[in-house]
S.K.: 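I am attaching a structure below and will ask some questions about it afterwards.
Letters A, B, ... mirror the listed sequences (proteins, then strands); counts begin at 1.
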Amino acid sequence: MSHIISAADAVASIPDGAVLMIGGFMGAGTPPRLINELVRQEKKNLTIIANDTARPGVGIGKLVEAGLVSKLITSHIGTNPMTQKQMIDGDIEVELVPQGTLAERVRAGGFGLGGVITPTGVGTIAAEGRQTIELQGKTYLVELPLKADFALVNAKVSDYQGNLMYALTARNFNPLMAMAADTVIAEAESIVPVGVIAPDMIVTPHVVVDYLVAKEPSNG
Amino acid sequence: MSHIISAADAVASIPDGAVLMIGGFMGAGTPPRLINELVRQEKKNLTIIANDTARPGVGIGKLVEAGLVSKLITSHIGTNPMTQKQMIDGDIEVELVPQGTLAERVRAGGFGLGGVITPTGVGTIAAEGRQTIELQGKTYLVELPLKADFALVNAKVSDYQGNLMYALTARNFNPLMAMAADTVIAEAESIVPVGVIAPDMIVTPHVVVDYLVAKEPSNG
Amino acid sequence: MDSKTLIANRVAQEMKSGDLVNLGIGLPTLVASYLPKGIEVSFQSENGIIGMSMLPHPGLLDDDLTDAGGNPIGSVPGACAFDSSFSFGLIRGGHLDVTVLGGLQVDERGLLANWMVPGKMVPGMGGAMDLVAGAKRVIVAMTHTAKGTPKIVKECSLPLTAIRRVDLIVTELAVIEPTDDGLVLREIAPDVSVEQVLEATEAALIVPESVPEMAFVA
Amino acid sequence: MDSKTLIANRVAQEMKSGDLVNLGIGLPTLVASYLPKGIEVSFQSENGIIGMSMLPHPGLLDDDLTDAGGNPIGSVPGACAFDSSFSFGLIRGGHLDVTVLGGLQVDERGLLANWMVPGKMVPGMGGAMDLVAGAKRVIVAMTHTAKGTPKIVKECSLPLTAIRRVDLIVTELAVIEPTDDGLVLREIAPDVSVEQVLEATEAALIVPESVPEMAFVA
């Protein structure tokens, strides 16, 4: 069961220096109001775990642009020259992780698994600092789980309790991250009464969602 | 894209001695027509990977009753005295696996992961013969992936291409197994035109389903 | 109150609103019937649902909606269905607040054995090992003895379910809490004396100066 | 035909009906436009969909339906959406029949480097490492040289994407197949000579007695 909270109050509960997982893929499925609040409240020194940093002015790109990010665990920054510049200038520490491995590490964090055993990255520089394991005649990397202080997730629809469903490619990392953080804050495009979303359509159950961002009145 | 096939022909393609994953939990979500065909065609010496053997006369219980099973990898046989008897008599070799570990092992098989790192079973007899690994100060078991020659899965609805959706607790192991076998045979309660199931409702994409069991005319 | 009712009723007092709760098959299932008024919890069934409820009518049996024992159930509005790997992700990942399980033995270390009797009964561990390894709180709900033979023992002779200490043991005689120091007798059942509990228990029990009677809420 | 069209067109001939295909960003994306008639494949986008298609109309831009580059796409009837762990389960688990990727270098062992130039360009590997490690068939679609500097080299100087040998290299000059024996020149582009290919290639090429011209189907 989630508590209903304003975007401002939700973000106010996040301290400087927090580790945040943020859903989305190139901005699709990244919670827009929570991102804007992070910028408005000038949260400092954030560690962000996310697939990418989108483009300047888009999604997580806004956090980079505002200089709020000190560390990134991500699979791709090639579409955001600002991220690359801050990395080269030493302002952001970047840990690059293969995308499938990133997904599994977040899942492992949320699912109580001790790590991930993957063939991806074996023999490349992504294997540096990783333990390897031989199983059934093949070599794999052992990748550690990821957890966060907060997960900021974006859903297409939530019910009043915080049961979430996602739409198309905006799903991506959101359901995985909703399992892997101490505090889960969900923003939804629309919020409907309990029972409106069929049980088989709900991807994230309300029991893992701590806060649901309240509706804002729409003009029009 | 799946080929449409009769239940009889689908089962005829399964040789004696095959390794089968069969979806379902106490019979819920176990494909009924495929089970009946396995019995009718008297497939011998099967290795079955499944959550349980249900009850006598129900689901996988029918295969046990007919004496078709020589090996079982499963989490629970307590509800089927016939399975227990055949195990004690030495007719069925049973490997008991914690349920969550079984689910992850099947998933690892289908998802190309080299194994599963789990805290479940550490320090118990379920750890026997398992490699252990220390990560971040905790001890885990390394459990190996499971794959099968065939997966027999049961869906609530399929479209003509073999895109599958499941209902409620009949989902269970089905979507995991549909990823983990060389040949996947799906049986669905109903079959609808392509496009009828929304993209967010499809849990198993048609690309992994090799055969879809044809509709049978209903009387009534 | 018979023994089962008493145990289920007492266990039910442990639930807090908002908890995600998994009830084992058998006695633990009864707990759902005794939730104190105003306490709202969600019930998970490990075969793949949060939001299970009693079936309101026999005419509504659904092959696709069953509990972990394969029995037909109902679901509440806001229920959510998922596959077995997600279900155990909830359990193993620490999202499950409470699991209530039956027990064959619990020992002085607070370790539970509840899934097999070698040579006699080998049902398999089902989800029990994951539940004990992963749930935030593990409550064992069982009769105090098996036809007079103590089930709370010095050290489990039966195969362990996990090496994680359980959090509470509730029997028809007592409420016992495993701690760093050993098993502490927290409550006794109505009309039961501390001596009776000690007599029915093989394990050493730490007995505080005063042991209150089990509390129930209507 | 310009170079890109030629490469995309030739790569498209490699597709078989029923294939699940993942096209990398940039040049590989063009492959979808040149599928031979009657060949029906499914396109996966690793951000979470099977069944992506071109967007039919700019008025239908959808924030929730994008390709791996964040650009709006459409979907075909029977499309299926899923999360990132499932998407890479398809890739890593051997369910993806073909991936077409760009390349910075491929070497005599058939190993690919395509994700960073140390000190210059560090975009990150995105899904490339999983794709090369996991796809049944890896096709590299790239220009033969980078402004004259050979990209098919003796040994990659750039960081490898994986230690798995790729299956085919298609450039505007040639089709080259990495084998146990080394890189075999399979086809040359129209109006290109074997000598021109050898000159533009740093790696040793095995040249069969006859090297046919690239085949295209309208």
S.K.: At a 4.5 Å cut-off on heavy atoms, which part of C/Ala79 comes close to chain B: side chain, backbone, both, or neither?
M.R.: neither
S.K.: Can you pull out the residues in residues 162-184 of chain C with any heavy atom less than 4.5 Å from chain B?
M.R.: C/Ala162, C/Ile163
S.K.: Return the CZ to CZ distance between C/Phe86 and B/Arg107, rounded to the nearest 0.5 Å.
M.R.: 12.0 Å
S.K.: What donor-acceptor contacts under 3.5 angstrom involve side-chain atoms of residues 21-31 of chain C, with partners at least two apart or in another chain?
M.R.:
{"unit_1": "C/Asn22", "atom_1": "ND2", "unit_2": "C/Gln44", "atom_2": "OE1", "d": "3.2"}
{"unit_1": "C/Asn22", "atom_1": "ND2", "unit_2": "C/Glu46", "atom_2": "OE1", "d": "3.2"}
{"unit_1": "C/Thr29", "atom_1": "OG1", "unit_2": "C/Gly24", "atom_2": "O", "d": "3.0"}
{"unit_1": "C/Thr29", "atom_1": "OG1", "unit_2": "C/Gly26", "atom_2": "N", "d": "3.4"}
{"unit_1": "C/Thr29", "atom_1": "OG1", "unit_2": "C/Gly26", "atom_2": "O", "d": "3.1"}

S.K.: Check each atom of C/Met116 against the heavy atoms of chain B and say whether the ones under 4.5 Å are side chain, backbone, both or neither.
M.R.: side chain
S.K.: Has C/Arg92 got a side-chain atom pairing as donor or acceptor with B/Gly100's backbone, closer than 3.5 angstrom?
M.R.: yes
S.K.: Where on C/Phe82 is there a heavy atom nearer than 4.5 Å to chain B: the side chain, the backbone, both, or neither?
M.R.: backbone
S.K.: Which residue out of C/Asp62, C/Leu111, C/Val122 racks up the most heavy-atom pairs below 4.5 Å with chain B?
M.R.: C/Val122
S.K.: Say you draw a straight line from CG of C/Asp63 to NZ of B/Lys156; how long is it, rounded to the nearest 0.5 Å?
M.R.: 8.0 Å
S.K.: For residues 21-35 of chain B, please give each side-chain donor-acceptor pair under 3.5 Å, one per line with the distance, not counting sequence neighbours.
M.R.:
{"unit_1": "B/Thr30", "atom_1": "OG1", "unit_2": "B/Gly23", "atom_2": "O", "d": "2.9"}
{"unit_1": "B/Arg33", "atom_1": "NE", "unit_2": "B/Glu216", "atom_2": "OE2", "d": "3.4"}
{"unit_1": "B/Arg33", "atom_1": "NH2", "unit_2": "B/Ala214", "atom_2": "O", "d": "2.6"}
{"unit_1": "B/Arg33", "atom_1": "NH2", "unit_2": "B/Glu216", "atom_2": "OE2", "d": "3.3"}

S.K.: Who wins among C/Ala128, C/Ala133, C/Pro159, C/Ser84 for the most heavy-atom pairs under 4.5 Å with chain B?
M.R.: C/Ser84
S.K.: For the CE atom of C/Met129 and the CG atom of B/Leu141, what is their distance to the nearest 0.5 Å?
M.R.: 9.5 Å
S.K.: Going from CG on B/Leu168 to SG on C/Cys80, what distance comes out if it is rounded to the nearest 0.5 angstrom?
M.R.: 10.5 Å
S.K.: So for C/Leu65, is it side chain, backbone, both, or neither that comes closer than 4.5 Å to the heavy atoms of chain B?
M.R.: both
S.K.: Under 4.5 Å, counting heavy-atom pairs only, tell me which of C/Gly69, C/Ser75, C/Gly48, C/Gly119 racks up the most with chain B.
M.R.: C/Gly69
S.K.: Which one wins on heavy-atom pair count under 4.5 Å against chain C: B/Thr124, B/Thr101, B/Thr74?
M.R.: B/Thr124
S.K.: Heavy-atom distances under 4.5 Å only: say whether B/Ile77 touches chain C with side chain, backbone, both or neither.
M.R.: both
S.K.: Looking at B/Thr169 and C/Thr66, would you say the former's side chain and the latter's main chain have a donor-acceptor pair under 3.5 Å?
M.R.: yes
S.K.: Ignoring hydrogens, what is the shortest heavy-atom contact between B/Ala126 and C/Met125? Give both atom names and the distance.
M.R.: CB-CE, 4.3 Å
S.K.: Looking only at non-hydrogen atoms, find the nearest pair between B/Arg55 and C/Asn71 and report the distance.
M.R.: NH2-OD1, 3.6 Å
S.K.: Among the options C/Gly127, C/Gly126, C/Ala113, C/Gly70, pick out the one with the most heavy-atom pairs lying under 4.5 Å from chain B.
M.R.: C/Gly126
S.K.: Less than 4.5 Å to any heavy atom of chain B: does that hold for the side chain of C/Ala81, its backbone, both, or neither?
M.R.: both
S.K.: List the steps and the verdict of side chain to side chain contact (heavy atoms under 4.5 Å, CB included) for C/Phe88 and B/Glu104.
M.R.: CA-CA 9 Å; C/Phe88 282 88; B/Glu104 285 298 315; over 6 Å; no
S.K.: Give me the contact list for residues 81-98 of chain B versus chain C, heavy atoms only, anything under 4.5 Å, ordered by residue number.
M.R.: B/Gln84, B/Met87, B/Leu96, B/Val97, B/Pro98
S.K.: Distance check, rounded to the nearest 0.5 Å: C/Asp64 atom CG versus B/Glu189 atom CD?
M.R.: 6.0 Å
S.K.: If I measure from the heavy atoms of chain B, does C/Ser87 come under 4.5 Å with its side chain, its backbone, both, or neither?
M.R.: neither
